Q: 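I have a structure I would like to understand better, so I am pasting it below and will then ask my questions one at a time.
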Protein chains: 2
Amino acid sequence: MATKCKHCPLRGRDHFVPMSQEEVNVMQRFKVGELIVDAGAPILMQGSNSPQLFTALHGMGLRYKYLENGKRQVVNFILPGDFIGLQAGVMGEMGHSVEATTKMTLCVFNRSAIWSFFKDNPERAFAVTWLAAVEEHFLGNALATLGQRNALQSVAWALAKVYLRGEQLNMVSNGQMPLPFRQQDLADALGLSLVHTNKTLARLRNRQLAQWSDGVLSIADIDKVADIAMMDETSVPQRPIL
Amino acid sequence: MATKCKHCPLRGRDHFVPMSQEEVNVMQRFKVGELIVDAGAPILMQGSNSPQLFTALHGMGLRYKYLENGKRQVVNFILPGDFIGLQAGVMGEMGHSVEATTKMTLCVFNRSAIWSFFKDNPERAFAVTWLAAVEEHFLGNALATLGQRNALQSVAWALAKVYLRGEQLNMVSNGQMPLPFRQQDLADALGLSLVHTNKTLARLRNRQLAQWSDGVLSIADIDKVADIAMMDETSVPQRPIL
DNA sequence: CGGTTTATTGAATATTCTCAAGTAATGTGG
DNA sequence: CCACATTACTTGAGAATATTCAATAAACCG
């Protein structure tokens, strides 16, 4: 029923650091099952102390948090290979919520086993830290976007970023990739209003730089978009998977 | 000359997770020296692959990154106990720069030893991951600030946040703590212009909520400030030190 | 004592937001 | 199959928030 780690659909993609046979076996032992959720389903709640950790296998989702005034900050888009629940895993409490945007398949790990996991598998422990560092790196860039880029640069940055991630995951063909989010999700990720996000997307579309409609993102010249976005790193290094 | 880990000035403070004798010994072996830098000195450069990792012992600093257009995003203020260089340590490259704002004393660790450190000391490896998760948690909140709070709420959030950190470090007395940064640093942290930051600070001052001048932050009623800031968590959990 | 940095304030400008209205696509119950 | 509700996207216009420009004051430094 559940996918075997040795047949993990993610491992083949060149974006990920290769795993030894032994590491795959370790992950297989740590994995306690597979979770399939429908679009719209909540996976983790902000403030919760979930007994489970996940790796996204298929589908897409959102990390977000709500403020008291009802405004929502989208922290990141979740794509296959993303690790979910680290904060609860080590600190005991999630700083944000996670929900599925499309139907998703998730690898399920047991939070109570994380300590023995660390003790017995230093390579895997290092991989967990690596992923945390990757996320920290991303959030620093996102912060710079909200703080220092204007709307056009922000939207260009977000689209280019997700496009580059899509490329690494072999989701891009003919300059197109699936991006099944709403404009409101992007607006909440960039701290822009829906209206302004919409108009900014229209500007990029009119300039023939990026088109995003019906859940499909299409970028003809990624370098031009990255240029508008002032992205310093248009290549993304390998990272491990769990 | 160099501070012995067993006499570390940080460990006494109740904010930090206690360390066993054995853990202290491990840190002592991992520690290769102490670095003292003057105010204004660079410590790590964005994009660099530093051979060293640090823990701040005394003094304060800044994490920041520059964009191509010359704008600067301050990612975080560095206070004693902060771990510096994790990204280079695991990914091989820093996503931001670090510089000293005051004279600083830093514990120095050897990056090349990090792997054996992980292998031989799972508890310490777990602590590193914990710190990474704490930073990720903070950055998520910072993102929500830049994205969803207005200037008054943002400034209130930043001041309350640093004040609470100061409390944990026993730096607060009589509602006052040292905060030796410039208004420009705060502005760059919140994605606001210097002028607007200045005027917003004046508003908080006039309302007798928070005063920050001559490098000293003074908050009479932290709950009121946290309230304006819509902070959900006014208590901060313990965390490990390295 | 000039030169530099930091903080402060006013005024004009620009960006972004909110409000409002309308379209298109989809789904539901009668 | 149609009327109606719902959701996502689009566009225009006025309002609010924040930026830029400019000038001044205060503190610090060599």
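Note: hydrogens, waters and symmetry copies are ignored here, and every other heavy atom, side chains too, is used. Because the structure is a prediction, the values reported are computed rather than measured. Here is the naming used below: chain letters follow the sequence lines, and residue numbers restart at 1 for every chain.
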Q: Over all heavy atoms of both residues, which pair between B:Val74 and A:Leu143 is shortest? Give the atoms and the distance, please.
A: O-CD2, 4.4 Å
Q: Who pairs with B:Asp188 by salt bridge (Lys or Arg N to Asp or Glu O under 4.0 Å), at least two apart in sequence or on another chain?
A: B:Arg72
Q: Going 5' to 3' on DNA chain C, which nucleotide is the first and which the last to come under 4.0 Å of a heavy atom in chain A?
A: C:dT16 to C:dC19
Q: Working to the nearest 0.5 Å, report the span between CG of A:Asn198 and CZ of A:Arg205.
A: 7.0 Å
Q: Distance-only criterion, 3.5 Å: show the donor-acceptor pairs between side-chain atoms of residues 207-215 of chain A and protein atoms not counting sequence neighbours.
A:
residue  : atom : partner  : partner atom : Å
A:Trp212 : NE1  : A:Leu179 : O            : 3.0

Q: In the structure I gave you, are the side-chain heavy atoms of B:Val134 and A:Met91 within less than 4.5 Å of one another anywhere?
A: yes
Q: Any chance you could list the contact pattern along nucleotides 6-15 of chain D? Use B for base contacts, S for sugar-phosphate-only contacts and - for none, protein heavy atoms under 4.0 Å, 5' to 3'.
A: --SSBBBB--
Q: Within the 4.0 Å heavy-atom criterion, would you say B:Gly215 contacts the bases, only the backbone, or no part of the nucleic acid?
A: nothing
Q: Taking the six-membered ring for Trp, are A:Phe83 and A:Phe109 parallel (under 30°), tilted (30 to 60°) or perpendicular (over 60°)?
A: tilted
Q: Between atom CD of B:Gln168 and atom CG of B:Asn170, what is the distance when rounded to the nearest 0.5 Å?
A: 9.5 Å
Q: Scan the side chains in residues 221-228 of chain A for donor-acceptor partners under 3.5 Å anywhere in the protein, sequence neighbours excluded, and list what turns up.
A:
residue  : atom : partner  : partner atom : Å
A:Asp221 : OD1  : A:Asp223 : N            : 3.1
A:Asp221 : OD1  : A:Lys224 : N            : 3.4

Q: To the closest 0.5 Å, what do you measure between CD (A:Gln183) and OG (A:Ser193)?
A: 11.0 Å
Q: What parts of residues 143-161 of chain B reach DNA chain D, counting only heavy atoms under 4.0 Å away?
A: B:Asn150, B:Ala151
Q: Heavy-atom distance under 4.5 Å between the side chains of B:Asn76 and B:Glu135, does that happen here?
A: yes
